[in-house]
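Here's the structure, in structure tokens; my notes come after.
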2 protein chains.
Amino acid sequence: MQTKRIEIEEKILKTAKKVFLEKGMAGARMQDIADRANINKSLIHYYFKDKHSLFKLVFNQVFSIIAPQINEIINNDFSVEDKIRKFTYNYYDFRQEHPHLSNFVINELNVNPDFFETLTCHPLFPNIDKFKAQVRREVNQGILVPIDGEQLFIHIISLNIFPFMAAPLIQRFMDSDNKHYQAILNSRKTEVADFIINSITRKI
Amino acid sequence: MQTKRIEIEEKILKTAKKVFLEKGMAGARMQDIADRANINKSLIHYYFKDKHSLFKLVFNQVFSIIAPQINEIINNDFSVEDKIRKFTYNYYDFRQEHPHLSNFVINELNVNPDFFETLTCHPLFPNIDKFKAQVRREVNQGILVPIDGEQLFIHIISLNIFPFMAAPLIQRFMDSDNKHYQAILNSRKTEVADFIINSITRKI
DNA sequence: GTCTATAGCCAGATAGAC
DNA sequence: GTCTATCTGGCTATAGAC
């Protein structure tokens, strides 16, 4: 039955994604994936050859979720300010849905740089040239203070992504419970955008 | 010979640190540590019992390098502005010396939250209460625009740490080579501080 | 203290029955 | 396609000679 085959493939992929995201490539166990998916371990090999093949599929799939988020800053038609507000506002909900994503990608790429080969030819792989040009334009128009588009791009993603990546650690620096830290993250939906805009727009 | 014993212990620790930082706990191999340290694998067990004990030692040692960096923002007597400038300026060189540190700590804590037990009782474990109070004071004095100390703290470490953590990825978003990205990071030594200060100080 | 040899385990992968 | 049983290799850890 063709549909069942696909169902199972997807169940394995979905579960593998969960396990790889939690434990990373080196820490993940095929048996763990099989158990959580309620299937026999051999079936994973039947459908996906080996651990590495499965991982590469998951890795690309995960990147396909992240890439559009980044591209939103780069490719839509809003002003720089609106881009920042929109991205910052949406990022919180995105993280609620996909908590481990960026930790996973960044870490695996650091541990095993070979994976870049898989990524850089990805159809959605972000390139910030358009954003750089837009920033230059708005600086020339006097909307923004003089700032380099590359630096601004780094500011934006740093202020948004890092507080989630290092959440458990920062939370302890603040000696606060999970609920309080979630509230802090939530208020960053607007706080971060205000902070950036306040720095880069000309005051009257 | 007592001195030789200590020499070897330190050689193992130093090498173990290197390997754990590169590969993480799950990816590190005892054989790899032995080979790079030019000693017999059994010796590691003789000196440090097992992999886990060795890892915990390394982990705490690594955290002892990071903690003072964070505490610099929190505990010295400079104004908020000077703290930001100083930390931001020094962080680049710190990263040149210890490139994998924060990735390692943050990732291991995400994969295995149990390690927090080892950390939270660490004598240098940072607590940002003093910084919060200082920010509140400077806001009341009109030096800073109204801003929450916790949010500002998160801004500062995000803008500094993340660009290094995600360096390989961001570099490719920019389609630039390593040298260019290093230049970008280097100019952030002052750029980031200006960016923050520009947002949080009152304009004349 | 340092080595060799190996025990013992566990994980990924495969053979082969059904 | 799905299962059981098993192989194979790799890794941690230890026993024991020197």
Side-chain angles (χ1 to χ4, degrees), chain A residues 1-62 104 107-108 111-112 114-115 118, chain B residues 1-62 104 107-108 111-112 114-115 118:
Chain A
M1 209 201 283
Q2 191 61 19
T3 61
K4 198 184 171 194
R5 187 195 162 89
I6 291 174
E7 261 175 45
I8 293 181
E9 271 187 23
E10 276 175 5
K11 185 159 75 173
I12 295 175
L13 261 177
K14 207 181 130 189
T15 315
K17 194 172 118 189
K18 219 176 291 177
V19 175
F20 279 130
L21 281 170
E22 267 177 43
K23 306 286 176 74
M25 169 66 179
R29 297 288 165 254
M30 298 295 265
Q31 189 64 58
D32 191 10
I33 298 173
D35 291 348
R36 293 208 221 175
N38 275 313
I39 50 132
N40 189 288
K41 182 162 68 106
S42 311
L43 278 190
I44 307 179
H45 289 96
Y46 176 76
Y47 284 105
F48 295 97
K49 197 184 167 216
D50 57 19
K51 191 184 179 185
H52 216 86
S53 314
L54 182 56
F55 180 81
K56 280 201 290 190
L57 280 173
V58 168
F59 193 67
N60 268 280
Q61 199 177 302
V62 160
F104 171 74
N107 190 61
E108 293 297 334
V111 171
N112 190 349
D114 296 351
F115 291 138
T118 341
Chain B
M1 210 201 283
Q2 191 61 16
T3 61
K4 199 184 171 195
R5 186 193 164 90
I6 291 175
E7 260 175 45
I8 292 182
E9 270 188 26
E10 274 174 7
K11 185 158 75 172
I12 295 175
L13 261 177
K14 207 180 128 189
T15 315
K17 193 174 119 188
K18 219 178 290 178
V19 175
F20 279 131
L21 280 170
E22 268 177 44
K23 307 288 176 71
M25 169 66 180
R29 296 290 164 253
M30 297 296 265
Q31 189 64 59
D32 191 9
I33 297 173
D35 291 347
R36 293 208 221 176
N38 275 313
I39 48 131
N40 190 287
K41 182 163 67 102
S42 311
L43 278 189
I44 308 178
H45 290 97
Y46 176 76
Y47 285 104
F48 296 97
K49 196 185 167 218
D50 58 18
K51 191 183 179 185
H52 216 85
S53 314
L54 182 57
F55 179 81
K56 280 200 291 190
L57 279 173
V58 168
F59 193 69
N60 268 280
Q61 198 177 304
V62 160
F104 170 74
N107 190 62
E108 293 297 334
V111 171
N112 190 349
D114 297 350
F115 292 136
T118 340

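Just so we're on the same page: letters track the sequence lines, and every chain starts at 1.
Summary of helix geometry: the two end axes of the helix from C/dG1-D/dC18 to C/dC18-D/dG1, each defined by five base pairs via their C1' atoms, are inclined to each other by 10° (rounded to 10°).
In terms of phosphate contacts, A/Y47 brings a side-chain nitrogen or oxygen within less than 4.0 Å of OP1 or OP2 of D/dT2. The phosphate of D/dC11 (OP1 or OP2) has no side-chain N or O of B/K23 nearer than 4.0 angstrom.
As a whole-Å value, the separation of B/N40 CG from C/dA5 P is 11 Å. Remark: P of D/dC11 and CD1 of B/I33 are 12 Å apart, rounded to the nearest angstrom. Between the P atom of D/dC11 and the CG atom of B/D32 lies a distance of 10 Å, rounded to the nearest Å. With rounding to whole Å, B/R5 atom CZ is found 13 Å from C/dT2 atom C1'. Summarising the geometry, the separation between CG on B/L54 and P on D/dC11 is reported as 17 Å, rounded to the nearest angstrom. One can place CG of B/L43 at 5 Å from C1' of C/dT2, the figure rounded to the nearest angstrom. The interatomic distance linking B/N38 (CG) with C/dC3 (P) rounds to 10 Å, in whole Å. Rounding to whole angstrom units, CD of residue A/E7 and P of D/dG1 are separated by 13 Å.
In this model, a donor atom of one side chain and an acceptor atom of the other lie less than 3.5 Å apart for A/Q31 and A/D35.
Atom-to-atom distance recorded for A/Y47:OH and A/R5:CZ is 5.5 Å, nearest 0.5 angstrom. B/I44 CD1 to B/M30 CE: the interatomic distance, rounded to the nearest 0.5 Å, is 5.0 Å. Between the CD1 atom of A/I12 and the CG atom of A/L43 there is a distance of 6.0 Å, given to the nearest 0.5 Å.
The side-chain heavy atoms of A/F48 and A/L13, taken from C-beta on, include a pair separated by under 4.5 Å. Under the 4.5 Å side-chain criterion, counting only non-hydrogen atoms from C-beta, A/L54 is in contact with A/I33.
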Worksheet entry | Contact letters for nucleotides 11-18 of chain C, in which S counts primed atoms plus P, OP1 and OP2 and B counts the base, heavy atoms under 4.0 Å | SBBB----

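Note: A/F55 and A/H52 have tilted aromatic rings, judged against thresholds of 30 and 60 degrees for the angle between ring planes.
A donor-acceptor contact shorter than 3.5 Å is absent between the side chain of B/N112 and the backbone of B/E108.
Counting any heavy atom pair closer than 4.0 Å across all strands shown, A/I39 reaches no nucleic acid atom.
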For residues 15-26 of chain B, which side-chain donor-acceptor pairs fall under 3.5 Å, sequence neighbours excluded?
from, atom 1, to, atom 2, distance (Å)
B/T15, OG1, B/K11, O, 2.7
B/E22, OE1, B/R36, NH2, 3.1
B/E22, OE2, B/R36, NH1, 3.2

